[in-house]
Student: 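Sharing a structure here in structure tokens format.
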Amino acid sequence: MSRTVETPGRETTGVGCAPLRDGAPESLNFIDGEWRPSETGRTFASVNPADTRDVVGRFQQSSAADVAAAIRAATTAYPAWRRMPAPKRGEIMYRFGALLAEHKERLARAMTREMGKVIAEARGDVQEGIDIAYLMAGEGRRLFGETVPSELPSKWAMSVREPMGAAGIITPWNFPIAIPCWKMMPALVAGNTVVFKPASDTPHCATLLVELMAEAGFPAGTVNLVTGGGDEVGTAIVESPDVPVISFTGNGETGRRIAGLAAKRLKRVALELGGKNAIVVMDDADLDLAVEGILWSAFGTTGQRCTAASRLVVQRGVLESLLERLERGAAGLRLGDGLDAHTDVGPLINAAAMEKVGRYVEIGRGEGEVVVGGVPATDRPGLGHGHFFAPTILRDVMPLARVAQEEIFGPVLSVISVDTYEDAAMVVNSTRYGLSSSIFTSDTNTAFRAMHDFETGIVYVNAGTIGAETHLPFGGTKETGSGHREAGHAALDTFTEWKSIYVDYSGRLQRAQIDNQPR
Ligand code: NDP
């Protein structure tokens with residue numbers, strides 16, 4: 001919340017976006033098919049992390065009353081939306097996917113400006129939204145259940161998916177188009193309506209997304225957007241008895257709080273939380289390929305991906321040569337505004353992230369040795385008004401050191417050396433997280449052992465820890481989540497109830513487990 005700035009009062013009251021005196025447009029909530037101001041009369045600003053003098057816009061600092069209005073709208077729209085045949089819901093989603101594709105460049109540029117990731121990655125973020133929209137549009141013609149033989153004659157047995165109602169969608173800033181789409185598309189195609197609360201660091205991306213959803217033809221009330229703080233807006237969604245399912249992505253502490261509140265109402269909660277992902281490099285690896293994969297995984301999105309590699313586990317035979325190449329590679333990465341085509345690494349999201357990364361690097365100096373980076377980069381030309389931190393590598397870190405165990409969520413890579421594959425697998429599995437892992441090796445047997453041994457939801461062979469595709473399940477083990485998965489068919493499990501249906505057409509009472517059994 002450090003980037004939000006309260007303003008004393010609304011300076012315009014137009015519908016949609018209206019320019020303010022300082023030039024930044026004000027955006028409204030989207031409730032029941034209308035763009036509406038918050039009842040609080042307060043707004044907050046979203047700023048560009050590459051240059052904090054650049055105010056992207058002002059957004060509604062909403063209250064529990066605004067959330068209640070959004071939930072009322074979602075609940076009212078639900079019966080008609082769930083009755084609409086799923087293929088028709090899919091057609092609306094298909095239109096939305098096409099609109100996302102049409103507006104891809106505009107959205108990507110807005111994303112880079114609002115949260116800093118370099119433009120090529122921002123395009124990838126929007127593409128993930130397009131991919132999941134098309135995948136879930138197709139689900140409108142599938143939504144498979146099961147038809148199975150009954151144990152009794154003249155009896156039909158099948159299961160179908162049913163929607164649940166108004167779904168609460170609470171999202172982080174690091175994938176501001178992809179993650180909301182990964183949640184809202186499966187929720188909507190299954191027949192749920194949604195109340196969407198985006199991160200306070202990326203309300204502009206959320207607003208652009210919902211504008212396109214409205215244009216695609218989602219009926220009034222099926223999609224509702226409420227901006228504002230997690231404590232007020234997020235908590236009101238989680239506590240509402242009229243929201244039976246919450247899908248949340250964010251940090252572990254927030255996830256725990258949400259799970260605790262939701263448990264009191266026995267509501268379903270899908271949590272996608274932190275990671276401490278490891279890349280293993282064996283002595284027989286292709287080192288050129290490994291270096292590329294490591295730099296991309298550790299420093300892409302400035303290390304602010306849940307799947308970012310923050311641990312590098314290296315077999316001792318290649319340690320020095322790998323480190324030497326990595327040091328050179330990391331030192332050569334160009335920091336800057338992500339809209340500049342020459343930039344490799346953008347800024348961190350906000351001042352709190354700068355403070356956190358700096359604090360962990362200081363801890364790391366006592367737990368290992370800084371071989372490159374380790375300092376803010378705000379003294380470099382052109383970076384003085386942004387949240388820039390130099391890509392950092394720490395070597396000789398022990399597996400249980402804090403920097404090797406705790407999520408830093410920044411451009412910091414801890415290098416741990418090992419003697420054998422068995423040691424490497426043990427190190428990979430030695431954290432409380434379990435999202436993504438990878439191994440670079442030219443030995444097929446070792447690769448297959450790793451696929452089996454690494455206790456993570458995603459395993460890569462001869463690639464970095466990032467690059468998930470939308471048609472396979474996405475999520476992690478242990479404290480990375482609550483056991484749910486996003487994307488793929490698995491995403492539908494979060495937002496549907498299974499209903500088993502039996503039709504007896506024998507014309508007589510047939511007692512299951514009794515009439516067809518030997519006495
Ligand atoms: P936060 O948990 O701080 O915020 C996530 C969302 O929760 C925001 O919308 C935030 O609102 C909201 N929120 C904050 N407090 C509450 C509350 N008490 N009740 C309800 N909602 C609340 O996470 P970050 O935005 O910092 O995201 C980074 C984290 O997300 C990292 O830990 C990362 O690993 C994880 N992540 C996990 C992924 C996965 O798939 N496993 C994918 C991407 C990220 P506000 O912004 O207003 O505070």
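Just follow the structure's listing: the first ligand is 1, and inside any ligand the first atom is 1.
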Student: Taking a cutoff of less than 4.0 Å between a non-hydrogen atom of the residue and any ligand atom, is G229 in contact with ligand 1?
Tutor: yes
Student: For ligand 1, indicate whether the residue R305 contacts it via side chain, backbone, both or neither (heavy-atom separation under 4.0 Å).
Tutor: neither
Student: Report yes or no: is the cationic atom of K183 (NZ for Lys, CZ for Arg) under 6.0 Å from the centre of the six-membered ring of F495, at an angle within 45° of the ring normal?
Tutor: no
Student: Closest by any non-hydrogen atom to atom 16 (C) of ligand 1: pick that one out of T249, T254, I246.
Tutor: T254
Student: Is it the case that R161 and T496 place a side-chain donor and acceptor less than 3.5 Å from each other?
Tutor: yes
Student: Answer side chain, backbone, both or neither: which part of I237 comes under 4.0 Å from ligand 1, heavy atoms only.
Tutor: neither
Student: Any non-hydrogen side-chain atom of V210 less than 4.5 Å from a side-chain atom of W35?
Tutor: yes
Student: Is it the case that ligand 1 has an N or O less than 3.5 angstrom from some N or O of L273?
Tutor: yes
Student: Between the side chains of E232 and K197, is the shortest nitrogen-to-carboxylate-oxygen separation below 4.0 Å, so that they form an ion pair?
Tutor: no
Student: Backbone, side chain, both or neither: what part of E407 comes under 4.0 angstrom of ligand 1, heavy atoms only?
Tutor: side chain
Student: Geometry only, no angles: is E486 polar-contacting ligand 1 at N/O separations under 3.5 Å?
Tutor: no
Student: Of the side chain and backbone of N251, name the one, both, or neither that has a heavy atom under 4.0 Å from an atom of ligand 1.
Tutor: both
Student: How about L273 and N251: do any of their side-chain heavy atoms sit closer than 4.5 Å?
Tutor: no
Student: Answer yes or no: is there a side-chain heavy-atom contact under 4.5 Å between D201 and S46?
Tutor: no
Student: Show your reasoning for whether side-chain contact (heavy atoms from CB on, under 4.5 Å) applies to I130 and Q127.
Tutor: CA-CA 5 Å; I130 297 166; Q127 188 60 46; 3.7 Å; yes
Student: Strictly under 4.0 Å, does any heavy atom of G481 approach an atom of ligand 1?
Tutor: no
Student: So, 4.0 Å and heavy atoms of F175: is ligand 1 close enough to count as a contact?
Tutor: no
Student: Could you see which bit of I179 sits under 4.0 Å from ligand 1, with heavy atoms only: side chain, backbone, both or neither?
Tutor: side chain
